[in-house]
Amino acid sequence: MAKAPVLTPQSEDFPRWYQDIVAKAELADNGPVRGTMVIRPYGYSIWEQMQAEVDRRIKRAGAKNAYFPLFIPESYLKREAEHVEGFSPELAVVTVAGGKELEEPVVVRPTSETVIGEFMAKWVQSYRDLPLLLNQWANVVRWELRPRVFLRTSEFLWQEGHTAHVSEDDGRQYAERILHDVYESFMRDVLAMPVVVGRKTAKERFAGATNTMTCEAMMGDGKALQMGTSHELGQNFAKAFDIQYLDNEGTQQHAWTTSWGVSTRMVGGLIMCHGDDNGLRIPPALAPVQVVVLAVRDDDAVIERCRTLAGELADAGVRVELDVRVETSMGRRATDWELKGVPVRLELGPRDLTEGVVTLANRFTGAKDAVALNGIAATVTAALDAGQAQLLAEATDRRNSRTVDVSSIAEAAEAAATGWARIPWASMGTDGETELAKSSVTVRCLVMPDGSLPASDNADGAIAIVARSY
RNA sequence: CGGGGAAUGGCGCAGCUUGGUAGCGCGCCUGCUUUGGGAGCAGGAGGCCGGGAGUUCGAAUCUCCCUUCCCCGACCA
């Protein structure tokens, strides 16, 4: 039965399409307080998959999980000048608790460099205590003026890593290791998002950092989204919080620290990178539900076969869900699973049963084929692998085809209307960034021609990637 | 904070100009018929019309005040 489109088409109104998907795929609702969100079970299951994959990689990189308090003394924030200046406007501050005005207000953490720095100072005495590699999964609060579900919410969930090292070089290597081995690899191999890894300009740098590195992804509308960052904090926080150690020659030294994080923003990135007019498309490596087995009709034999089929797939290690809600029409259920972006749908009805087949609907190719019930696990696994590769290929093609090389600010601003521009950083001059900002375009990051990270703010030959961004 | 909108069943909206029993679509509940791409029909449930004060015989509708939300701008790891 022909109906109006399930979602506002992307080409008609991309932001509206995004809102529609969030609502109809049951990912999240707006919370009662402005800028907050309720993450619904399906949306949360996507986040849990992200957490599991990122957490595994963080641990492989040697960091250990810990937990620090939500409340931070206001005075802590003030100890690092740039840090407090950067965060003050967006702090939520508690001044009354237990029915009394507090002696010293406490801030709800916008990030935890300060409180973790305080404790690192206690725990680090000797060079033998370094490196100290910590990570925490937590919620943070930043009172943003323009909230947008998943992309910029007043409260969000994230992981924040904090490390201390004996030398600048050691800290830098670790910050880069996290950037590449945890973030970039996770985004490419699991999220199927070909992020550009680069260095932030001084203007875009994290408040209190000496260097901020980033993973930037292109969304379906050509805008950029910062998916994750890794910072070298130099000795700024070590000095503010007195993180000192005795080196092997008996001299007191300040440590060198780093911090790095990815957040629930990645869920928004995932939606806008792979989603289409039929809904979400979740890469199989991430999908909380990789396959849904759907009973087409209310028929005992069909339902029973669906159960064994789902069991068989689960035994083969596939994340599978059974849909035998036969009181709901087949079309409705098919549409809903498509909205939710489940990679493979196996539709089984009486007809299939007699023929010994099942209908495999592929979310990525749109194809519906009858496939043998025999050896279904292998067939499904192959489809999942192919889908994963297809999403990465599509996202890579889009990024490449919508990125152009330019040589002037004007050309860069024009190119950024539909995609990204690459422009020699040196050619932008001192006012280049301000000039671009007039067209709502920013330098997303700097990269070297061979794709490596620039060693400094004005490394010879560095290319600026400029774009509009979320 | 500047400029513009809007607050009416769960969601989306109409009604307001010209005061007179609060409506529509979707969703929800029940029943029957359906079920291979958003099912159909019938019957139901659900509202102090954002809050307060006024005008009036009578206010969703007119007047004033307040609150909240949305959009554009500024702001933004």
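- Comparing the same atom, C1', in B:C69 and in B:U30 gives a spacing of 37 Å after rounding to whole Å.
- Within 4.0 Å (heavy atoms only), A:S263 reaches no atom of the nucleic acid at all.
- Counted within 6.0 Å of CZ on A:R16, heavy atoms from surrounding residues, nucleotides or ligands total 12 or fewer; the atom is thus considered open.
- Nucleotide B:G73: paired with B:C1 (Watson-Crick or G-U wobble, both distances less than 3.5 Å).
- The separation between A:D323 atom CG and B:G37 atom C1' is 14 Å, rounded to whole Å.
- The CZ-P distance, from A:R363 to B:G37, rounds to 17 Å in whole Å.
- Closest to the A:D352 side chain, of the nucleotides B:G36, B:C76, B:G37, is B:G36.
- Residue-level contact check: A:R205 touches neither bases nor backbone, having no heavy atom under 4.0 Å from any strand.
- Checking B:U21 for Watson-Crick or G-U wobble geometry (two distances, each under 3.5 Å) identifies no partner in any strand.
- B:G15 sits 14 Å from B:U8 when the P atoms are compared, rounded to a whole Å.
- Taking the nucleotide of RNA chain B with the nearest heavy atom to each of A:S440 and A:G349, the more 5' of the two is matched to A:G349.
- Atom CZ in A:R325 sits roughly 17 Å away from atom C1' in B:U34 (whole-Å rounding).
- Cation-pi contact between A:R148 and A:F150: absent, since separation from the ring centre below 6.0 Å together with deviation from the ring axis within 45° is not met.
- The partner of B:G50 is B:C66, by the rule that a Watson-Crick or G-U pair needs both atom distances under 3.5 Å.
- Annotation: B:U68 and B:C29 have their P atoms spaced 36 Å apart (nearest Å).
- The distance between atom CZ of A:R16 and atom C1' of B:C70, rounded to the nearest whole Å, is 13 Å.
- When heavy atoms are screened at a 4.0 angstrom cut-off, A:F156 is found touching no nucleic acid atom at all.
- With a cut-off of 3.5 Å on both pairing distances, the Watson-Crick or G-U wobble partner of B:G10 is B:C26.
- When Watson-Crick and G-U wobble pairs are counted only if both distances are under 3.5 Å, B:G31 pairs with B:C41.
- A:R444 and A:S469 are linked by a side-chain donor-acceptor pair at a separation below 3.5 angstrom, with hydrogens and angles left out of the test.
- As judged by a 4.0 angstrom heavy-atom cut-off over every strand, A:K368 is placed among the base-contacting residues.
- Of the candidate nucleotides B:C76, B:G36, B:G38, B:G38 has the atom lying nearest to any side-chain atom of A:K24.
- Atom P of nucleotide B:C76 and atom CG of A:L225 are separated by 17 Å, given to the nearest angstrom.
- Residue A:E338 is in base contact, counting any heavy-atom pair closer than 4.0 Å across all strands shown.
- The residue A:P15 sits apart from the nucleic acid: no heavy atom pair falls under 4.0 Å.
- Straight-line distance between the P atoms of B:C11 and B:A7: roughly 14 Å, to the nearest whole Å.
- In summary, the side chains of A:S185 and A:R57 do present a donor paired with an acceptor at a separation below 3.5 Å, with no hydrogens or angles considered.
- Spacing between atom CZ of A:R332 and atom C1' of B:G38 amounts to 5 Å, rounded to whole angstrom units.
- B:A60 and B:G52 have their P atoms separated by 13 Å, with the value rounded to a whole Å.
- Nearest nucleotide to the A:V6 side chain, out of B:G36, B:G37, B:G38: B:G38.
- Taking only distance into account, the side chain of A:D336 never meets the base of B:G38 through a donor-acceptor pair shorter than 3.5 Å.
- Here the separation of B:G12 from B:U21, taken at their P atoms, is 27 Å to the nearest Å.
- A:D55 and A:W137 share a donor-acceptor pair across their side chains, judged by distance under 3.5 Å alone.
- In a base pair of the Watson-Crick type (N1 to N3 plus N6-O4 or O6-N4) or a G-U wobble (N1-O2 and O6-N3), with each distance short of 3.5 Å, B:U55 is matched with no nucleotide.
- Using a 3.5 Å distance cut-off with no hydrogens or angles, the side chains of A:E433 and A:T201 do pair a donor with an acceptor.
- Judged purely by distance below 3.5 Å, without hydrogens or angles, the side chains of A:D170 and A:W256 never pair a donor atom with an acceptor atom.
- Contact check on A:K340 versus A:E338 returns no salt bridge, with no Lys/Arg side-chain nitrogen under 4.0 Å from an Asp/Glu carboxylate oxygen.
- The gap from the P atom of B:G54 to that of B:C71 amounts to 36 Å, rounded to the nearest Å.
- In terms of position on RNA chain B, the residue among A:Q19 and A:R265 whose nearest nucleotide sits closer to the 5' end is A:Q19.
- When distances run from any side-chain atom of A:E144 to the nucleotides B:G36, B:C76, B:G38, the shortest one goes to B:C76.
- Counting any heavy atom pair closer than 4.0 Å across all strands shown, A:T359 reaches a base atom.
- As a whole-Å value, the separation of A:D298 CG from B:U33 C1' is 14 Å.
- Evaluation of atom-type donor-acceptor distances gives no pair under 3.5 Å for the side chain of A:R333 against the base of B:G36.
- On the C1' atoms, B:G27 is 34 Å away from B:C66, given to the nearest whole Å.
- Distance, A:R345 CZ to B:G37 P: 10 Å, rounded to whole Å.
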